[in-house]
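Note that the structure is predicted; figures quoted are calculated from it, not measured.
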Amino acid sequence: MRAIVVTEPGGPEVLRWDEQPDPVAGPGEVLIDVAATAVNRADLLQRRGLYPPPRGASNILGLECSGVIAELGEGVTDWNIGDRVCALLSGGGYAEQVAVAASQLLPVPEGMDLAAAASLPEVACTVWSNVVMAAGLERGEVFLVHGGGGGIGTHAIQVAKALGAKVATTASAGKLDRCRELGADLAIDYRTQDFVEEVRATFGGADVVLDNMGAKYLPRNIDVLAPDGRLVVIGMQGGSKGELNLGQLLAKRGHVLATGLRGRPDTGKSGKAEIVASVRENLWPLIAEGKVHAVVHAELPITEAAAAHEMLDASDTVGKVVLTINR
């Protein structure tokens, strides 16, 4: 097969479309003929040599894909050859074929094309596992997500709104209107406005905060929490070491959680299979009802992966950038 390979750590120019060994579906796995994949910030870090794949995972970039099942591994009975699927991956999505555990498959939502479906698994599983399964967002609560114009942010706004929450988000000025269109009740320009002041003035505080900045935002995220609030940190774009005021956290009865998705086990406690199953049962119906939809900024041929990485590096995108494979 052919796949995008990283010739050496560096900028987008190190990405090459080249021959790679064909993957094989092992027990409990399926082989997918990939139609599309999507670019995530983890891919940019891995390209630079800063985010190696988990032990045993493919070195090829790509944390999600869509396509058609080509082969079934031993013991797979819930899927059939020819099924249209999208999948959560630990790696390997930037390729013509990928092998993945059947427990990490999702059916392509009715009426959705394969390119759009490729943009869903990573954001859907990240948002659902953190906002709902971990933080327990409930109807009527206030939800704040940072980076509302990104892939995770655009999805999180929709999911929280569909669940009946009041939604606030931070984004750059040019993305605020799109955040409002997706359902944000309060859209904050992080360059010119203080999100703590804005959220407090409008809602009194946030019950759940989904944060991709890490250390840089830690003190202010604690400031903005309402009593019994939950802060979930899923990224470290603003650094990995920060100071936490435990007295303030105790006074609010607050919770701070830090979670990742890629390194989780396939099955067992906190495994990906549990998350994917919950997403299929609870979130996929919201997509079928039109309450949540894929937000795709651009579709490019996979041979233009370098240009796609440049788009994300520039931070001008709203939603996901998808890479398609022509056969």
Side-chain angles (χ1 to χ4, degrees), residues 12 38-45 63-64 115-116 118-128 130-131 137 142-163 165-203 206 208-214 216-217 220-221 224 231-239 286-287 290-300 307-323:
V39 182
N40 291 281
R41 293 207 172 271
D43 302 335
L44 277 58
L45 291 172
L63 301 183
E64 57 194 333
S119 73
L120 286 176
E122 177 71 13
V123 294
C125 291
T126 296
V127 169
W128 192 261
N130 287 290
V131 175
L137 181 69
V142 177
F143 172 64
L144 168 64
V145 57
H146 294 295
I152 295 228
T154 53
H155 192 78
I157 289 169
Q158 296 180 81
V159 170
K161 196 66 179 179
L163 295 175
K166 291 169 277 190
V167 181
T169 189
T170 61
S172 58
K175 301 180 182 182
L176 297 180
D177 284 344
R178 184 66 176 124
C179 291
R180 295 185 186 101
E181 291 171 2
L182 292 168
D185 301 290
L186 176 64
I188 304 160
D189 182 347
Y190 71 87
R191 291 192 176 100
T192 62
Q193 296 174 286
D194 187 315
F195 71 81
V196 177
E197 292 180 359
E198 296 296 328
V199 172
R200 281 180 172 173
T202 304
F203 301 118
V208 175
V209 178
L210 185 64
D211 174 65
N212 59 359
M213 292 301 293
K216 183 177 180 179
Y217 277 15
R220 290 198 292 156
N221 280 331
V224 82
L231 165 63
V232 187
V233 181
I234 60 170
M236 298 179 291
Q237 293 181 39
L286 298 178
I287 295 173
K291 296 179 179 179
V292 177
H293 62 272
V295 180
V296 176
H297 181 87
E299 293 180 19
L300 282 74
H309 276 227
E310 288 172 358
M311 284 185 181
L312 258 70
D313 276 332
S315 296
D316 293 331
T317 56
V318 175
K320 302 292 286 285
V321 176
V322 171
L323 300 173

Carboxylate-amine/guanidinium contact Asp185 Arg180, below 4.0 Å: no
Heavy-atom check, side chain of Leu186 versus side chain of Val199, under 4.5 Å: yes
Donor-acceptor contact present, side-chain Gln193 to main-chain Asp189, <3.5 Å: yes
Interatomic spacing from CD in Gln237 to CG in Asp211 - rounded to 0.5 Å: 9.0 Å
Backbone of Thr317 reached by a side-chain donor or acceptor of Lys175 within 3.5 Å: yes
Criterion side chain to side chain contact (heavy atoms under 4.5 Å, CB included) on Phe143 and Phe203, from CA distance to verdict: CA-CA 10 Å; Phe143 172 64; Phe203 301 118; over 6 Å; no
Other residues, nucleotides, ligands: >12 heavy atoms within 6.0 Å of Lys291 NZ: no
Closest non-hydrogen atom pair, Leu286 against Ala162: CD1-CB, 4.1 Å
N-O pairing of Glu181 and Arg178 below 4.0 Å: yes
Criterion side chain to side chain contact (heavy atoms under 4.5 Å, CB included) on Val224 and Val209, from CA distance to verdict: CA-CA 9 Å; Val224 82; Val209 178; 3.9 Å; yes
For Glu64 against Val123, the heavy-atom pair lying closest together: OE1-N, 4.3 Å
Lys161 versus Gly183, closest heavy-atom pair with distance: CD-O, 3.4 Å
Closest approach of Ala184 to Ile157 (non-hydrogen atoms, all atoms of both residues): N-CG2, 3.5 Å
Approximate separation, where rounding is to 0.5 Å, of Thr192 OG1 and Tyr190 OH: 10.5 Å
Test of ring centre spacing under 6.0 Å for His146 and Phe195: yes
Separation between OG of Ser172 and CD1 of Ile188, rounded to the nearest 0.5 Å: 13.5 Å
Close side-chain approach of His293 to Gln158, heavy-atom, < 4.5 Å: yes
Residue pair Met311 / Leu300, side-chain heavy-atom distance below 4.5 Å: yes
Asp43 (side chain) donor-acceptor with Asn40 (main chain) under 3.5 angstrom: yes
Side-chain touch Ser119/Val295, heavy atoms, less than 4.5 angstrom: no
Worked verdict on Val145 versus Asn212 for side chain to side chain contact (heavy atoms under 4.5 Å, CB included): CA-CA 9 Å; Val145 57; Asn212 59 359; over 6 Å; no
Identified side chain to side chain contact (heavy atoms under 4.5 Å, CB included) partner of Leu210 from the options Thr169, Leu144, Leu137, Val131: Val131
Residue pair Asp194, Arg220: steps toward the side chain to side chain contact (heavy atoms under 4.5 Å, CB included) verdict: CA-CA 9 Å; Asp194 187 315; Arg220 290 198 292 156; 3.9 Å; yes
Closest contact, heavy atoms only, Val296 versus Ala116: CG2-CA, 4.3 Å
Exercise: do His297 and Asp316 side chains pair donor with acceptor under 3.5 Å: no
Pair Glu299 + Lys320, salt bridge at N-O below 4.0 Å: no
4.5 Å side-chain heavy-atom contact, Val167 and Leu182: no
Side chain Thr154, main chain Gly151, donor-acceptor under 3.5 Å: yes
Heavy-atom pair with the smallest gap, counting every atom of Val233 and Gly214: CG1-CA, 4.0 Å
